[in-house]
Amino acid sequence: MLLPANVEIGAYFDHFSFALILTIIALIILAIYSAKSNVPTIAHLKQVPGQLPFLGNLYSLGGRLQENDATIYSQWAANLGADVFQMRLGDQRTVVANTFASIRDLFVGQANALIDRPYQPGFVDKLGLDISGSPMTESIRRCRMAAMRALGKPQWPGYFHLLEPSSISLVNSLVHKGENGAVPMNIFPYLRQVVFDLTLSLTYGARQVDVEDTFTLSLVTAIREISKVRSSTVRFRDFVPLARIIPEPQSKVIAAEKVRQAHLDVLYSALLKRVAGGENVDCIATSLGADHLTEDEIHGTCKSLLQAAPGTIASAVYQCVAWLCSPEGQRFQPELYQAILDAYDGEKDRAWKMAFREEEVPLVTSLYKETLRFYTVTPFGTPRSTTRDVTYGKAVIPKGTTVIMNAQAGNHDPARYGEDACTFNPRRFLKDHSSLPHLTYGAGSRICPAVAISNRIMSALLIRLILAFKMTETQISTRKPSVDILRFSDVHSSLLCVPKEYDCHFVARDQNWLLRKLDEEHVGL
Ligand code: HEM
């Protein structure tokens, strides 16, 4: 080895040893740091093996194995033989509950201790206030209250005049664009529009009417882009602090947020113009006084509702229609139709009129509950964080631990639903009136604030669709609906499942009656 002439061999080895020792120390620190979590390992809870440095168990999640996280959690729970286990997501100690009983014990039994959400770096700080993605601060509490007030039953009569015409537009499009069943239709955009219209109205007092409208489409696309990463395990940088040293390339989410914000600004300035013109518009954005919200909180509440509403209800109804137009569902449709008529003494007009105003058809209620249970569109809920120590059996889960509900596993748990838990049974909830029929809305202190209104909208849309149409799946094999308990969605990486697209024939049960209904409720058709 050649050394510079003025360096002695002894000094060289001193430098070399010093550098070597420094490197070894640095590697040891890195090794300790790479396995570190915000909360130490919890005694008496089984732990998922195979944790990688820095990543922990993250590498198997986020759709990287072509399964959603809930399915992977179920496999781990089975391998470990544990209802509840712990793992490490980057530096986050995380506990997952995988049975209905353990979820109820933790999320309902110790609801106050599970009221927080884990902090997702680069999300709330970049995207602004978001109810479902934020820990429970005073500000979030006020926003949640405002959302609950806006979605509460006393407000519903104000929404019927929006929902009813929207649902007529939906039926009208199916009749005319679908040429009374001759042309198979994808109903999803129409369902999404009904919910989107309502949410635009209750947030900014606005209303869009056209499914193809470019304003609607680009806002919906931005919302979908943001939903892809919210509380999901897709991005390592959300969990691994070291990964955040690397500057983030122009993020799709931030670009989507810019689009979302620009649209909300348009909606808000249109609203301000109407108010300045003397119009009295009743919506969240004008309710500053009633709910004592700051302007930021008002927009945050509106954003959160717009973010949460369209995809969820539309996906659930879409998947219910997928089952109804499958061969098994087709056999069930006459019974459902008859149950609706029976509830209204055979008066079809009254059943149609009252669809949004009351919920009087137990079989429809049972059907939408079973849909939400069987097709768990929110398979792993939205993560929580403990605000104090929580106990499960002998284990003490410390404050600051992330807790995830495996809603999909809880919804399919034979200990709760019996041996036919993995069979779609539309009559299942005729006798089961539990206050927690399934876990798709979450449970406990941060349960979805829109449970009641979402149920009502689902029930009403199903009633109107069944009164109007016989529904059958297309014969084109690539466009048939998927009715598989897990494979109905091929989106594995995000919080929300998205049912596979399909087409269906909508044939009027009684064409004269239906055209009369559309005519009577003339909504500019
Ligand atoms: C079928 C329809 C829906 C489903 C399945 C659903 C599901 C959920 C779930 C699983 C959560 C997390 C609950 C938890 O942590 O325990 C949630 C939270 C939330 N949902 Fe929904 N949701 C639906 C409809 C809606 C609609 C229509 C809106 C708004 C109009 C909405 C607004 C929210 C908000 C603001 C939160 C956050 C609550 C908080 O963090 O305190 N959801 N939803």
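In listed order, ligands and their atoms are each counted from 1.
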**Report entry** Residue D420 excluded, over 12 heavy atoms near CG under 6.0 Å
**Finding:** yes
Requested in this report: Please say which of H492, E67, H412 ends up in a side chain to side chain contact (heavy atoms under 4.5 Å, CB included) with L486.
Outcome: H412
Query - Trace of the side-chain contact (heavy atoms from CB on, under 4.5 Å) decision for V317 with Y368 - result: CA-CA 8 Å; V317 178; Y368 76 67; over 6 Å; no
Can you check whether [X] has an N/O within less than 3.5 Å of an N/O in ligand 1?
X    : result
M405 : no
T440 : no
T199 : no

Query raised in the report: Which is it for L151 and ligand 1 at heavy atoms under 4.0 Å: side chain, backbone, both or neither?
Result: side chain
Query raised in the report: Backbone, side chain, both or neither: what part of A443 comes under 4.0 angstrom of ligand 1, heavy atoms only?
Result: backbone
Query raised in the report: Do Q307 and D130 get their side chains close enough for a donor-acceptor pair, meaning under 3.5 Å?
Result: no
Requested in this report: For the residue pair S459 and E359, confirm or rule out a side-chain donor-acceptor distance under 3.5 Å.
Outcome: no
Query - Residues that S218 engages under side-chain contact (heavy atoms from CB on, under 4.5 Å), provided they are two or more places apart - result: H263
Requested in this report: Measure from atom 16 (O) of ligand 1 to every heavy atom in R384, R141, R144 and give the option owning the shortest one.
Outcome: R384
Query raised in the report: Under a 4.0 Å N-O cut-off, is there an ion pair linking D484 with K500?
Result: no
Query raised in the report: So, does D69 use its side chain to make a donor-acceptor pair with the main chain of G62 at under 3.5 Å?
Result: yes
**Report entry** Nearby protein N/O/S atoms (those under 2.8 Å) for atom 21 (Fe) of ligand 1, with water ignored
**Finding:** C448 SG
**Report entry** Worked check of side-chain contact (heavy atoms from CB on, under 4.5 Å) between K303 and Q261
**Finding:** CA-CA 9 Å; K303 251 192 228 180; Q261 193 52 53; 3.2 Å; yes
Got the closest protein heavy atom to [atom], with its distance?
atom                    : answer
atom 12 (C) of ligand 1 : T382 OG1, 3.3 Å
atom 40 (O) of ligand 1 : R117 NH2, 2.8 Å
atom 13 (C) of ligand 1 : R446 O, 3.1 Å

Query raised in the report: Is there side-chain contact between W323 and F374, with heavy atoms separated by less than 4.5 Å?
Result: no
